[in-house]
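Quick notes on the structure that follows.
When reading the values below, keep in mind they use all heavy atoms of this one structure, side chains included, and skip hydrogens, waters and symmetry mates. The structure presented is a predicted model; accordingly, all values stated were derived computationally and were not measured. Chain naming here is simple, since letters A, B, ... match the order of the sequence lines and numbering starts at 1 in each.
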2 protein chains.
Amino acid sequence: MTDNLRRVTELDRLIHEPARLLIVTILSSVESADFLFLQRETGLTKGNLSAHLSKLEDAGYVKIHKTFKGKLPLTVCKLTAAGTKAVAQYRQQLQSFMEMTTQ
Amino acid sequence: MTDNLRRVTELDRLIHEPARLLIVTILSSVESADFLFLQRETGLTKGNLSAHLSKLEDAGYVKIHKTFKGKLPLTVCKLTAAGTKAVAQYRQQLQSFMEMTTQ
DNA sequence: CAGACTGGTTTGTATTGCAAACTAGTCTGC
DNA sequence: GCAGACTAGTTTGCAATACAAACCAGTCTG
């Protein structure tokens with residue numbers, strides 16, 4: 001084990017932010033999820049959920065597909081391959097940090 | 001297990017910030033540490049280490065004692081009881097989040 | 001056709017995290 | 001004895017963030 005605690009500072013900040021960590025964690029457990037489902041699950045306001053999703057989309061971690069359910073807008077979100085990889089790496093890094101410092 | 005993923009948004013942001021998580025983790029493994037030791041261990045610049053330590057002090061998580069070693073200033077840092085508790089709780093919360101979402 | 005509702009996006013603002021500049025005191029060479 | 005370099009930090013400037021509140025386009029209801 002290369003006991004390099006310092007690595008914790010290299011965590012992907014985009015995923016590290018708790019609200020987004022929650023979002024991507026949910027997304028990684030389902031095939032895809034719509035906006036309102038994510039809002040219910042996360043408890044975030046629409047505004048903040050929208051903003052976080054935009055950042056994840058800009059980073060290429062989430063694909064957002066806008067369509068309609070009947071006459072109402074429907075926003076479907078799905079983790080991309082890059083997103084899945086980033087989440088896995090984040091978890092890996094965090095897990096090794098925790099293991100290095102078992103108290 | 002109350003599978004409440006949402007709890008991740010309640011993580012203490014003061015500790016969640018990676019640089020500070022590193023600082024308090026180091027501090028929780030030693031009785032006390034001086035400024036330059038922390039700087040070497042964390043790799044942070046003096047400026048940023050100073051700023052992070054001030055935040056931790058303001059939060060009551062770290063006690064900072066300024067003295068001299070010979071004629072040079074010596075800043076000794078030590079986790080307070082509140083700090084120790086906050087770190088333990090943070091780790092506990094993060095660990096349960098990780099366990100809820102084993103991939 | 002006014003007002004409420006749905007499913008979002010945009011804006012305003014206060015807080016951050018970081019790099020760079022600064023400070024106070026000490027040591028060295030000349 | 002004083003100019004410049006060094007030590008051990010603190011402060012400042014600024015760009016990026018996160019959140020709440022305001023806004024918006026379209027739909028439904030009385």
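In this structure, Y90(B) and H16(B) have tilted ring planes: the angle between them lies in the 30° to 60° band.
R7(A) places no side-chain N or O within 3.5 Å of a backbone atom of S96(A) that could act as its donor or acceptor partner.
The minimum heavy-atom distance linking G83(B) with T80(B) is given by the pair N-OG1, 3.0 Å. When every heavy atom of I15(B) is checked against every heavy atom of V87(B), the shortest pair comes out as CD1-N, 3.7 Å.
A heavy atom closer than 4.0 Å to some atom of DNA chain C occurs in E17(B), R20(B), G47(B), these being the qualifying members of residues 11-47 of chain B. Heavy-atom distances under 4.0 Å link DNA chain C to S50(A), K66(A), L72(A), P73(A), L74(A) of residues 49-74 of chain A, given in residue order.
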Without placing hydrogens or testing angles, list every side-chain donor-acceptor pair under 3.5 Å for residues 52-74 of chain B, not counting sequence neighbours.
unit_1 : atom_1 : unit_2 : atom_2 : d
H52(B) : ND1    : R20(B) : NH1    : 3.2
S54(B) : OG     : S50(B) : O      : 3.1
Y61(B) : OH     : D12(B) : OD2    : 2.6

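Clustering ILVMFWY residues whenever any of their side-chain heavy atoms sit less than 4.5 angstrom apart, transitively, puts F35(A) in a cluster other than the one holding V76(A).
The only member of T84(B), L79(B), I23(B) that meets side-chain contact (heavy atoms from CB on, under 4.5 Å) when paired with S28(B) is L79(B).
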